[in-house]
Amino acid sequence: MKGGTKLDKIYLDNAATTKMSEAAIKEMTRCMNDYYGNPSSLYTVGQQAKEIIEKAREEIAGVINASPKEIYFTSGGSEADNQAIITAAAIGKRKGKMHIVTSAIEHHAVLHALRRLKNEGFEITELPVSKEGIVNKEDVKKAIRDDTCLVTVMYANNEIGTLQPVSEIGAICKEKGVLFHTDAVQAVGHVPIDVKAENIDMLSASAHKFHGPKGIGFLYVRKGIIVSNLIEGGAQERGKRAGTENVPAISAMAVALKEAEAGMKENAKKLTALRDYLIKGLSGIPHSALNGDAKKRLPSNVNFCFEGIEGESLLLLLDDKGICASSGSACTSGSLDPSHVLLAIGRVHDVAHGSLRLSLSEETTKEELDAAIKAVKETVEYLRGFSPVWRDLNAGKLQFIL
Ligand SMILES: *Cc1c(COP(=O)(O)O)cnc(C)c1O
């Protein structure tokens, strides 16, 4: 089903990005060849390109039960998050409402956009999560004030995969008359989403997380909300996002999303079984623990902490064995701070450092997972063999936590 070059690798980092599907690659190529016109041009070649993007808009809207006019194409999830937050902030500011509610486990695209607003005088309430990594809807209710202009809570976490009570939060926000944005980048194409039934006002998505191309995504904004634009210029995207549209990427995103929707039920069932098999296999490693709720998580996500080791070393040694994994999120690696998500679920610094995320795709096989379990077991043991922390733990100088 999926295209691209078959690498001799076990790719278990689908939360970082996915391989493009064959159909999406084909669609992208078709558009590059046949629909090279500028969608803003009035002659037929331009209007044909325009038709391609409007068809894509319609298809994408259909998947989340939105109307096409509520879909704005962006360069990806980060841009969509920023645009949603800037939009809510501008509306809030006009009404003198400068308080925003979010969670401690958001993606940096949300957290850093909010950090900027804080410098501009907004007040941000960052809600804690349970040790299972889930926001409490009662906390959301209590945090909303008369001057709250936005609640932004992600649909599914990118590191530990936990699914948040989105429809409950949506209902609370609707009742209180507060805008609700959800970063659904990890969820779109993987779990069913209905923006109307779930009372979602704004939603961010990114194609490369569902086997579409990189550098393209969309923002859903409920009708009636005045969108602020991040990029000034031409009248594209109803004047809200200037710049000539990326026709091939937009169309390929729609193809990938339709494909993901068609296979969603079957894939979720298959992946859940594989995920639980992997969790069971890794649980056999002593002094380890699963991060995030065992069931209320994406069918594709497994995240563990192993005491006495460094996640980064584990990653590099797994790479030598042909296994692509992640320690925390790709954006965090390269920094020495442990993941804010793992700290938020109560992991202490040392334990949080020894984390590993394995994220599966529809292409993942049981054989690959068997190889991964074996490799992780061996590598953790090997690293513990010369870890001073592990030695101190075993000598009783430090106390085991896991
Ligand atoms: C990947 C991701 C993003 C960023 O999306 P890009 O398209 O890479 O900008 C934002 N939020 C979450 C939850 C993600 O997983």
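Basis for what follows: all heavy atoms, side chains included, without hydrogens, waters or symmetry-related copies. Only a predicted model underlies this, so the values are computations on that prediction, with no experimental measurement involved. Whatever order the structure lists them in is the order used to number ligands and atoms, beginning at 1.
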The atoms of ligand 1 lying under 4.0 Å from a heavy atom of Lys209, numbered in the order shown, are 1 (C), 2 (C), 3 (C), 14 (C), 15 (O)
Quick check on contacts: which atoms of ligand 1 are under 4.0 angstrom from a heavy atom of Asp81?
10 (C), 11 (N)
Out of all atoms in ligand 1, which are within 4.0 Å of some heavy atom of Gly76? Include the element for each.
7 (O)
Which residue and atom name correspond to the protein heavy atom nearest atom 6 (P) of ligand 1, and how close is it?
Gly77 N, 3.5 Å
Backbone of Val153 reached by a side-chain donor or acceptor of Thr182 within 3.5 Å
yes
Is there a side chain to side chain contact (heavy atoms under 4.5 Å, CB included) between Glu120 and Met98 once you walk through the steps?
CA-CA 10 Å; Glu120 290 171 17; Met98 293 182 63; 6.0 Å; no
Just to be sure I read this right, does ligand 1 sit under 4.0 Å from the backbone of His208, its side chain, both, or neither, counting only heavy atoms?
side chain
Students often mix this up, so state it plainly: with edges at 30° and 60°, are the rings of Phe306 and Phe304 parallel, tilted or perpendicular?
parallel
Atoms of ligand 1 close to Ser78 [distance to a heavy atom under 4.0 angstrom, numbered from 1]
4 (C), 5 (O), 6 (P), 9 (O)
Output, in order, the C-alpha distance, side-chain angles, deciding distance and verdict of side chain to side chain contact (heavy atoms under 4.5 Å, CB included) for Arg57 and Glu237.
CA-CA 11 Å; Arg57 200 187 304 278; Glu237 298 303 289; 2.8 Å; yes
May I have the step-by-step check of side chain to side chain contact (heavy atoms under 4.5 Å, CB included) for Glu307 and Ile401, ending in yes or no?
CA-CA 8 Å; Glu307 215 165 353; Ile401 295 166; 3.5 Å; yes
Under 3.5 Å: donor-acceptor pair, side chain of Glu198, backbone of Gly170:
no
So for Ser206 against ligand 1, with non-hydrogen atoms under 4.0 Å, the contacting part is side chain
At what distance is the nearest protein heavy atom to atom 11 (N) of ligand 1, and which residue and atom is it?
Asp183 OD2, 2.7 Å
among protein heavy atoms, the one nearest atom 3 (C) of ligand 1 is His107 NE2, 3.4 Å
Within reach of ligand 1, part of Glu79 (heavy-atom separation under 4.0 Å)
neither
Does the cation-pi check pass for Lys19 over Tyr11, that is, NZ or CZ under 6.0 Å from the six-membered ring centre and within 45° of its axis?
no
